[in-house]
Amino acid sequence: MSTATVLPLTDWPRPPVQPPAQRAANSALAQARAARGWSQLQVIRALVRLADHWGWPVASQSSLKVQLSRWENGANPSPTYQVLLCAVLRATPADLDFESSARPAPSPGEDAASLASRVQALETLVVQLSAQLNAVIA
């Protein structure tokens with residue numbers, strides 16, 4: 001029995017160096033997608049289905065593919081897409097690092113004390129609304 005001989009496809013003395021693999025995005029959005037085991041296409045399809053169910057207009061799947069790649073590499077999605085992505089990935093805006101982009105900048109005349117009082121008022125409102133919701137559910 002003879003031994004098979006493997007012949008190279010080129011005349012090069014050694015094989016070329018393989019280009020490095022593309023680096024995966026390391027954003028919170030990319031990590032949340034990967035944690036679910038979803039491809040970008042699966043996220044886009046879920047996003048389109050949910051938007052259709054809610055009656056919200058969204059971009060085409062091919063446009064969303066480009067946008068999702070941009071969002072996973074640091075661009076901020078619009079508020080509409082932030083809501084859809086949070087719902088599809090079952091994550092909070094903080095989980096996906098959307099809160100930092102959604103916070104309005106203080107106006108020039110505002111100081112830390114007035115901002116603190118506004119935050120306190122909002123926290124109080126959230127507690128009151130949660131209590132009302134619990135009363136309705138019970």
Side-chain angles (χ1 to χ4, degrees):
M1 187 178 247
S2 77
T3 311
T5 305
V6 177
L7 297 174
L9 298 176
T10 66
D11 293 334
W12 294 356
R14 57 183 180 183
V17 176
Q18 181 178 4
Q22 286 190 338
R23 164 180 82 78
N26 199 22
S27 66
L29 178 58
Q31 290 174 355
R33 176 181 59 80
R36 291 187 66 80
W38 284 8
S39 68
Q40 285 185 333
L41 184 59
Q42 288 172 307
V43 170
I44 290 165
R45 286 181 178 161
L47 193 146
V48 168
R49 277 189 183 155
L50 181 60
D52 186 48
H53 178 74
W54 287 351
W56 292 10
V58 293
S60 67
Q61 285 192 17
S62 58
S63 293
L64 288 173
K65 171 73 171 114
V66 173
Q67 291 300 322
L68 181 57
S69 181
R70 291 183 64 226
W71 299 332
E72 287 188 354
N73 284 290
N76 289 318
S78 70
T80 296
Y81 290 110
Q82 287 183 16
V83 171
L84 288 167
L85 287 165
C86 286
V88 163
L89 296 171
R90 296 181 181 175
T92 66
D95 293 340
L96 301 179
D97 284 342
F98 291 156
E99 283 187 332
S100 59
S101 64
R103 266 187 231 125
S107 60
E110 282 187 311
D111 61 350
S114 72
L115 285 176
S117 67
R118 286 177 54 198
V119 167
Q120 180 62 43
L122 288 172
E123 288 175 346
T124 302
L125 180 61
V126 168
V127 169
Q128 291 171 347
L129 290 173
S130 295
Q132 290 175 358
L133 180 61
N134 288 335
V136 169
I137 292 173

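Basis for what follows: all heavy atoms, side chains included, without hydrogens, waters or symmetry-related copies. For the single chain, residues carry numbers from 1 onward in sequence order.
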What distance do [X] atom [atom1] and [Y] atom [atom2] have between them, rounded to the nearest 0.5 Å?
X: Arg33; Y: Gln31; atom1: CZ; atom2: CD; value: 10.5 Å
X: Leu41; Y: Leu64; atom1: CG; atom2: CG; value: 10.5 Å
X: Gln40; Y: Glu72; atom1: CD; atom2: CD; value: 4.5 Å
X: Ser27; Y: Asp97; atom1: OG; atom2: CG; value: 8.0 Å

Contacts under 3.5 angstrom, residues 47-60 side chains, donor-acceptor by atom type, not counting sequence neighbours:
{"unit_1": "Ser60", "atom_1": "OG", "unit_2": "Ser62", "atom_2": "OG", "d": "3.2"}
{"unit_1": "Ser60", "atom_1": "OG", "unit_2": "Ser63", "atom_2": "N", "d": "3.3"}
{"unit_1": "Ser60", "atom_1": "OG", "unit_2": "Ser63", "atom_2": "OG", "d": "3.2"}

Main-chain N/O of Lys65 paired to Ser69 side chain as donor or acceptor, under 3.5 Å
no
Just grab all the ring-ring contact (aromatic ring centres under 6.0 Å, His included) pairs involving residues 65-91, residues at least two apart or on different chains.
Trp71-Tyr81
If you look at every heavy atom in Cys86 and Pro93, which pair is closest and at what distance?
SG-N, 3.6 Å
State whether the number of non-hydrogen atoms from other residues, nucleotides or ligands found under 6.0 Å of Arg45 atom CZ is greater than 12.
no
Tested for side-chain contact (heavy atoms from CB on, under 4.5 Å) against Leu89, the lone hit among Asp95, Leu84, Leu29 is Leu29
